[in-house]
Amino acid sequence: MITMRASSLYAPTLREIPAEAELISHQYMLRAGLMRKSAAGVYSYLPLGVRVLHKIMAIIREELDRAGGQEILLPIVQPAELWHESGRWNDYGPEMFRLVDRHQRQFCLGPTHEEIITALVRDEVRSYKQLPLRLYQIQNKYRDEIRPRFGVIRSREFIMKDLYSFDRDEAGAQESYRAMYDAYTRIFARCGLKTHPVEADTGAIGGDQSHEFMVLGDAGEALIVFCPSCGYAANVERAECAPYEPAVSSTPLCAMEEIPTPGTTTVEELTRLLQVEPSQIIKTMIYIADGQPVAVLTSGAHDVNEVKLKRALMCDQLELANHEIIAEVTNAPVGFAGPVGLDVPIFADYSVVPIVNGISGANKKDYHLRNVNINRDYIPTKILDLREARAGEKCVRCGKALDEARGTEVGQVFYLGTKYSKPMQARFLDQDGVEKPFVMGCYGIGVSRTVAAIIEQHHDEDGICWPVSVAPFSVIVVPVSYKDEAQRNAADQVYYELENAGIEVILDDRDERPGVKFKDADLIGYPLRVTIGPKHLADGNVEIKTRRTKEVSVVPMADVVDQVKALLNRLGE
RNA sequence: CGGGGCGUAGCGCAGUUUGGCUAGCGCGCCUGCCUUGGGAGCAGGAGGUCGGAGGUUCAAAUCCUCUCGCCCCGACCA
């Protein structure tokens with residue numbers, strides 16, 4: 001019995017590119033019939049898409065189970081109380097889908113599951129003898145993204161694998177972190193993905209150590225910097241910048257003076273007007289940190305890294321000041337702020353330290369100051385690393401120049417410590433009789449996003465070129481004309497033999513012209529295609545084409561299974 | 001949230017400026033013939049509340065008001 005026939009497979013392929021898709025992975029996922037959009041950032045998966053998802057999930061399960069993981073399944077609908085306990089009901093903001101039940105009780109659709117699992121473990125685990133615990137699930141998650149885009153890469157409903165580790169102490173937690181880091185490396189490699197682990201910020205999840213697994217590519221929405229020399233790599237949100245030495249130049253400090261700069265409100269305009277380098281400009285940004293205004297200085301060649309700033313200020317809420325507040329603080333409209341004479345705390349990035357006789361706003365409409373010097377004309381409250389690292393920045397490890405790249409995050413590992421266990425009072429009794437909070441970690445993989453990332457890395461102008469490990473089927477058998485009795489018999493036989501050999505195979509029995517079947521096979525991206533046609537069948541031969549390399553070999557029917565196995569093995573390496 | 005664009009058949013689009021008759025085209029779909037090694041050909045056919053509501057008008061896909069949805073860019077680096 002032939003169970004997999006293209007004639008009955010629900011895989012509607014599209015000849016034309018859907019107007020809404022700009023990313024290649026998005027286009028192919030729609031065109032190859034893997035999925036369809038249901039709403040902005042919400043997708044339905046069709047059989048081929050589901051098969052790929054299942055392949056990825058199977059790899060994840062194998063590797064996590066091997067790393068001591070146990071699978072569970074947590075609820076999507078979560079009560080607000082738990083989120084109040086951790087304080088994140090307010091922290092999470094508008095990204096959280098919230099709902100109210102008929103009794104006016106508040107719930108959310110889980111954007112992540114730290115709260116619910118911490119509560120679960122808190123209520124059940126009493127003794128150190130039950131630790132360590134590594135629990136994971138593969139579950140839908142919900143984040144009401146400000147702007148869903150790139151298909152499944154930034155969607156509002158997505159499938160995520162998340163694992164939470166509970167250890168009795170920091171050493172144990174570090175071991176869990178290491179185990180997950182290694183498991184992730186294997187998982188992505190098995191999916192055919194080239195990933196780069198980079199140091200990352202911990203964002204809304206919290207904690208104090210994190211790595212992201214990035215897939216490099218221009219489609220990525222994250223910017224990372226890396227050192228080609230020593231291997232240091234980090235998300236720019238996180239990347240440390242080296243301090244600058246104070247200038248030891250013989251340039252005498254000149255007298256500060258006001259210069260008219262009507263309508264010149266940006267660094268770019270200023271450099272043009274005054275014919276100076278951006279690095280000579282002291283850029284002054286006004287922020288509101290927990291309601292209090294602060295000034296932040298960087299050189300004109302740099303941007304403020306708000307993640308670093310937030311950490312430096314130890315504040316909960318941080319945002320750029322609006323025009324009214326800027327006018328109040330600087331006595332000038334936006335574009336003319338400077339550190340001289342400011343009456344708010346001044347946080348300076350290292351990059352302003354070497355600026356001698358610099359340019360800054362004059363806190364006066366249409367005027368800037370020249371010959372501004374640190375410690376003479378203004379004194380920063382603090383000088384520290386507040387800028388965003390970019391290409392060319394010195395590596396903090398080895399001093400060589402950093403390079404930068406764009407990437408998509410497919411996985412992230414967090415060392416959480418006691419960030420959730422403490423406030424949620426999740427404790428166990430240790431060997432010494434003392435009650436202690438669990439030391440936790442959490443580890444996510446964007447499963448649906450991984451599908452897109454794989455396509456981004458494995459495609460050509462004809463369609464997807466699946467790695468064997470995640471292909472919806474390994475082989476498609478394509479008779480040129482299934483109506484022809486000899487071809488039909490041969491195709492059926494090849495199908496049976498492959499299926500009996502344990503190979504995932506599908507038969508294209510559709511009454512289509514060969515060109516249509518070839519195009520679809522290329523678009524969907526089966527790793528191997530066995531073509532059965534009059535050209536070679538008379539000699540008892542069939543054709544095997546490798547999707548990725550386009551290589552074709554003609555083999556006797558009797559050798560098909562062996563040849564296919566050999567080719568799949570080689571492709572899988 | 002701000003700006004821009006788009007909503008007409010399953011997909012891709014024209015028609016809207018300047019209102020007018022049975023609303024078109026390509027692909028796909030159905031029937032038949034024919035064809036079968038890279039998205040064939042011929043003939044016939046099905047499929048549309050022109051996103052929705054209200055208004056103007058003898059007459060609205062087209063003009064006006066409101067509304068919903070989708071896409072893109074931006075979200076303030078002074």
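Residue numbers start from 1 in every chain, and the chains themselves are labelled A, B, ... in the order their sequence lines are given, proteins ahead of strands. Only heavy atoms go into these numbers, but all of them, side chains included; no hydrogens, no water, no symmetry mates.
Looking at A:Lys308 and A:Asp201, no side-chain N of the basic residue comes within less than 4.0 Å of a carboxylate O on the acidic one, giving no salt bridge. The residues A:Glu221 and A:Arg449 are annotated as salt-bridged, a charged nitrogen and a carboxylate oxygen being separated by less than 4.0 angstrom. Ion pairing of A:Arg238 with A:Glu212 is absent here, as no side-chain N (NZ or NE/NH1/NH2) approaches a carboxylate O to less than 4.0 Å. A salt bridge links A:Asp349 and A:Arg387; the closest N-O separation between the charged side-chain nitrogens and carboxylate oxygens is under 4.0 Å. A salt bridge links A:Asp460 to A:Arg547: one of the charged nitrogens lies within less than 4.0 Å of a carboxylate oxygen. The pair A:Lys550-A:Glu461 meets the salt-bridge criterion, since a charged nitrogen lies less than 4.0 angstrom from a carboxylate oxygen.
Using N1 to N3 plus N6-O4 or O6-N4 for Watson-Crick, or N1-O2 and O6-N3 for G-U wobble, each under 3.5 Å, B:G28 pairs with nothing. Pairing of B:G41, defined by two Watson-Crick or G-U wobble distances under 3.5 Å, is identified with B:C33. Base pairing of B:G48 is not made with any nucleotide, judged by Watson-Crick or G-U wobble geometry with both donor-acceptor distances under 3.5 Å. The partner of B:C63 is B:G55, judged by Watson-Crick or G-U wobble contacts that both fall below 3.5 Å. Using the Watson-Crick or G-U wobble rule with both distances under 3.5 Å, B:C76 pairs with nothing in any strand shown. Nucleotide B:G69 forms a pair with B:C6, judged by Watson-Crick or G-U wobble geometry with both contacts under 3.5 Å. Partner assigned to B:G19 is none, using Watson-Crick or G-U wobble distances below 3.5 angstrom.
Counting to the nearest Å, the P atom of B:G39 and the NZ atom of A:Lys519 are 7 Å from each other. As a whole-Å value, the separation of A:Glu16 CD from B:G26 P is 13 Å. The distance from atom CZ of A:Arg390 to atom P of B:C77 is 14 Å, rounded to the nearest whole Å. Straight-line distance from the NE2 atom of A:His323 to the P atom of B:C1: 19 Å, rounded to whole Å. Put simply, CG on A:Asp462 is 11 Å from C1' on B:G39, counting in whole angstrom units. One atom, CD of A:Glu306, and another, C1' of B:C76, lie 10 Å apart when rounded to the nearest Å. Between A:Ile476 atom CD1 and B:G38 atom P the separation is 16 Å, expressed in whole Å. Between the CD atom of A:Glu269 and the P atom of B:C77 there is a distance of 11 Å, rounded to whole Å.
When the P atom is used for both B:U22 and B:C50, the distance is 15 Å, rounded to whole Å. The separation of B:U56 from B:G19, taken at their C1' atoms, amounts to 11 Å, rounded to a whole angstrom. Taking atom C1' in both B:C1 and B:C27, the straight-line distance is 40 Å, to the nearest Å. Nucleotides B:U62 and B:C77 place their C1' atoms 46 Å apart, quoted to the nearest Å. Across B:A9 and B:A61, the matching C1' atoms stand 14 Å from one another, rounded to whole Å. Comparing B:U36 with B:G41, their C1' atoms sit 12 Å apart, to the nearest whole Å. Rounded to whole Å, the separation between the C1' atoms of B:C68 and B:G52 comes to 7 Å. The separation of B:U65 from B:G5, taken at their P atoms, amounts to 15 Å, rounded to a whole angstrom.
Within the 4.0 angstrom heavy-atom criterion, base atoms lie near A:Ile326. Note on A:Asp522: a base of the nucleic acid sits closer than 4.0 angstrom, heavy atoms only. As judged by a 4.0 angstrom heavy-atom cut-off over every strand, A:Val267 is placed among residues touching the sugar-phosphate backbone only. Within 4.0 Å (heavy atoms only), A:Asn322 reaches no atom of the nucleic acid at all. Residue A:Arg36 is classed as having no contact, given no heavy-atom separation below 4.0 Å to the nucleic acid. When heavy atoms are screened at a 4.0 angstrom cut-off, A:Thr284 is found touching base atoms of the nucleic acid. Using a 4.0 Å heavy-atom distance criterion, A:Lys545 is classed as a base contact.
Donor-acceptor pairing under 3.5 Å is lacking for the side chains of A:Asp520 and A:Tyr526. Under 3.5 Å, the side chains of A:Arg5 and A:Ser7 contain no donor-acceptor pair of N or O atoms.
Side-chain atoms of A:Thr408 and A:Glu456, non-hydrogen and from C-beta on, never get closer than 4.5 Å to each other. In this structure, A:Phe97 and A:Arg156 have side chains that are in contact, with non-hydrogen atoms separated by less than 4.5 Å. Contact of the A:Leu369 side chain with the A:Asp377 side chain is not registered, since no non-hydrogen atoms from C-beta on lie closer than 4.5 Å.
Residues A:Arg510 and A:Ile17 both approach RNA chain B. Their nearest nucleotides, taken by heavy-atom distance, put A:Ile17 toward the 5′ side.
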Going 5' to 3' through nucleotides 28-37 of chain B and flagging B where a protein heavy-atom sits under 4.0 Å of the base, S where only the sugar-phosphate is that close, and - otherwise, we get S------BBB
What protein N or O atoms touch nucleotides 69-75 of chain B N or O atoms at under 3.5 angstrom, if any, and at what distances?
unit_1	atom_1	unit_2	atom_2	d
B:C70	OP1	A:Ala40	N	2.9
B:C70	O3'	A:Lys37	NZ	2.9
B:C73	OP2	A:Arg147	NH1	2.9
B:C73	OP2	A:Arg147	NH2	2.5

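Formation of a donor-acceptor pair under 3.5 Å by the A:Thr381 side chain with backbone atoms of A:Ile346 is found in this model.
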